[in-house]
Amino acid sequence: MKYFVYLFIIIAMLVVNFGILAPLGLAWAVPSTLLLLVLCIGLEYGSLDFFFFAVVGGIWMDLYFGLPIGAFAGAYIIAGLGGWLMFQRLLLAEANWKYYWLFAFIAELIMLIWLWIYTNALFLLHWSPLALSGAEIRHHFFALLISSLVAAFPIYLLVNYAVSKSRQLLRQPLKL
Amino acid sequence: MRFIYTKAFAIFAACLVVLAIGLFLQVKGALQPIEYGLLQAPRPLITAAKAVTSPVKSFFATAFAIRKIVRENADLTAKITDLQTQLAGADQYRAENAVLKDELGFAQTSKVPLQACTVINGSPPEVSDALIINCGEGNGIQEGQAVVAQGHLVGKVLHVGKYTSTALLLTNANSAVDAKLSKSDTQGVVNGSFGSGATFGMVSQNADVQKGDLIVTAGINSRVAKNLLIGEVGDVLSKPNDLFKKVSIITPINFRDISYVFVAKQ
């Protein structure tokens with residue numbers, strides 16, 4: 001049952017991304033809502049369920065942008081795992097939210113670098129007809145970064161709200 | 001416990017395997033039905049959200065663009081004014097060009113030396129039915145010389161200044177030019193008739209004067225060249241028992257709208 005809730009959350013994020021933020025003319029400045037969601041779950045709740053969001057949401061994003069599978073999904077997995085390891089290994093459990101922006105910044109950076117390396121590597125191997133241009137990524141880097149940092153805490157609040165509502169709806173404690 | 005022995009690593013590895021399989025299937029083109037399904041699944045919701053956000057975006061975009069639109073409107077208004085001015089200038093040049101072409105045709109066929117002049121003032125306050133032209137003593141203009149426009153005699157030089165001259169039009173009541181019918185050499189005098197045109201009078205009652213006959217200068221006055229076209233005979237104005245015959249003159253010249261003239265330097 002909880003995976004249906006997760007699916008609903010992923011679809012809601014896609015709708016926010018492509019139905020609200022993109023049509024508002026933000027173009028490349030659309031924040032990486034799914035990345036923030038994955039990061040938030042790994043970092044705030046220390047739950048391994050972030051893998052589900054990373055793989056399913058990432059594949060959805062890959063298909064939506066016509067990129068090879070793993071472009072977004074791989075970046076989400078790496079960022080989520082990083083956040084989860086931080087949660088496990090470092091003594092940040094009580095103060096994660098204070099470092100949330102820093103993690104969001106690093107995760108965005110990792111995602112862009114991964115996108116460039118992954119798509120270009122597959123392009124060179126002739127496995128993908130599409131590769132993201134480094135100049136294009138550099139050109140939009142600050143707009144993407146700022147939009148993601150601005151959206152970081154709204155997403156954080158949204159995730160908390162969704163988790164509490166899910167718990168009420170399912171009438172059983174979720175791992176989240 | 002080392003990371004590779006944890007549940008997280010197992011899931012991580014499983015995810016990588018899933019992605020690798022997905023990539024392989026995508027490269028082979030086996031994922032197309034699933035891709036289509038996944039892309040279409042959230043589309044109704046995205047379309048519904050777009051239906052809400054697009055008007056909002058349009059509203060704010062319009063609100064933000066108003067200042068720009070106002071500025072563009074002011075620029076365009078200024079540009080329209082400028083273009084209208086240019087258009088008016090072009091119209092004037094076109095009209096001048098047409099007149100000059102007519103004048104040029106006459107100037108090329110004339111045997112009399114001509115001085116081209118521009119009309120500075122078409123209605124000087126001190127003399128009615130007169131022109132002030134931009135030719136004077138320096139151009140060899142002398143009093144009494146014929147003034148021609150579009151191949152027709154329009155008046156005579158009344159006064160010559162250093163740089164300008166005043167020409168009395170044929171329509172002036174004080175104007176008198178010796179003339180004749182070109183076909184029969186019947187002589188007479190062309191007089192102005194108080195702004196309503198010119199008449200050809202002092203013609204013998206016995207003379208054969210027909211409507212449409214051409215009236216030209218007679219050349220009695222040494223300053224006015226011979227055979228300059230004045231106009232053609234119109235209606236007969238005199239009565240049979242008058243001493244002389246008098247007819248109106250039809251001319252294509254609009255005496256109120258003369259821009260360029262030639263002075264025949266006889």
Side-chain angles (χ1 to χ4, degrees), chain A residues 7-8 10-26 42 46-78 80-82 84-85 87-89 118 121-122 125-130, chain B residues 1-69 72:
Chain A
L7 265 179
F8 177 78
I10 290 170
I11 289 173
M13 284 297 170
L14 289 172
V15 170
V16 168
N17 241 17
F18 299 111
I20 297 172
L21 298 175
L24 283 178
L26 296 170
S47 168
L48 288 174
D49 288 353
F50 75 84
F51 278 118
F52 181 84
F53 289 99
V55 173
V56 177
I59 287 175
W60 228 317
M61 290 288 280
D62 291 337
L63 296 180
Y64 210 94
F65 283 104
L67 292 172
I69 283 178
F72 277 102
Y76 292 168
I77 288 172
I78 294 169
L81 188 64
W84 182 82
L85 286 173
F87 179 86
Q88 298 293 314
R89 305 287 168 95
Y118 186 75
L122 291 183
L125 292 169
H126 301 286
W127 287 2
S128 166
L130 198 70
Chain B
M1 192 163 59
R2 293 178 69 179
F3 177 62
I4 57 167
Y5 299 123
T6 59
K7 186 183 173 186
F9 180 76
I11 298 174
F12 174 67
C15 288
L16 292 185
V17 171
V18 168
L19 290 186
I21 293 169
L23 179 64
F24 177 76
L25 291 174
Q26 190 186 30
V27 172
K28 294 292 175 190
L31 269 188
Q32 279 182 356
I34 301 171
E35 280 180 19
Y36 182 77
L38 281 175
L39 288 176
Q40 293 303 318
R43 200 168 288 277
L45 290 172
I46 290 173
T47 308
K50 274 183 182 172
V52 177
T53 51
S54 293
V56 175
K57 183 201 170 186
S58 299
F59 173 78
F60 283 106
T62 308
F64 282 118
I66 280 176
R67 181 177 288 183
K68 189 182 166 192
I69 291 168
E72 279 180 359

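Labels below follow one simple rule: chain letters A, B, ... track the order of the sequence lines, proteins then strands, and each chain is numbered from 1.
- A pairwise comparison of heavy atoms in A:Ile69 and B:Gly22 identifies CD1-O, 3.7 Å as the closest pair.
- Neither the backbone nor the side chain of A:Leu125 comes within contact range of chain B; no heavy atom of the residue lies under 4.5 Å from a heavy atom of that chain.
- Distance check, rounded to the nearest 0.5 Å: CG of A:Leu122 to CG of B:Leu23 gives 5.5 Å.
- Summarising the geometry, atom CH2 belonging to A:Trp127 is positioned 12.0 Å from atom CD belonging to B:Gln26; distances are rounded to the nearest 0.5 Å.
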Criterion side-chain contact (heavy atoms from CB on, under 4.5 Å) on B:Ile46 and A:Tyr64, from CA distance to verdict:
CA-CA 12 Å; B:Ile46 290 173; A:Tyr64 210 94; 3.8 Å; yes
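- Taking OH from B:Tyr36 and CG from A:Leu63, the interatomic distance works out to 14.0 Å, rounded to the nearest 0.5 Å.
- In this structure, CG in A:Leu48 is found 12.5 Å from CZ in B:Phe12, a value given to the nearest 0.5 Å.
- Residue A:Tyr76 holds its OH atom at 14.5 Å from SG of B:Cys15, rounded to the nearest 0.5 Å.
- Within 6.0 Å of CD on B:Gln40 lie more than 12 heavy atoms contributed by other residues, nucleotides or ligands.
- Residues B:Leu19 and A:Gly74 approach most closely at CD1-N, 3.9 Å, considering heavy atoms.
- Taking chain A as the reference chain and counting heavy-atom pairs below 4.5 Å, the highest number among B:Val27, B:Leu25, B:Leu39, B:Val56 is found for B:Leu39.
- For A:Ile59, the part lying under 4.5 angstrom from a heavy atom of chain B is the side chain only.
- Between atom CD1 of residue B:Ile11 and atom CH2 of residue A:Trp84 there is a gap of 8.5 Å, rounded to the nearest 0.5 Å.
- Contacts between B:Ala20 and chain A at a heavy-atom distance below 4.5 Å are absent for every atom of the residue.
- In this structure, B:Pro42 and A:Phe18 have side chains that are not in contact, with every pair of non-hydrogen atoms separated by 4.5 Å or more.
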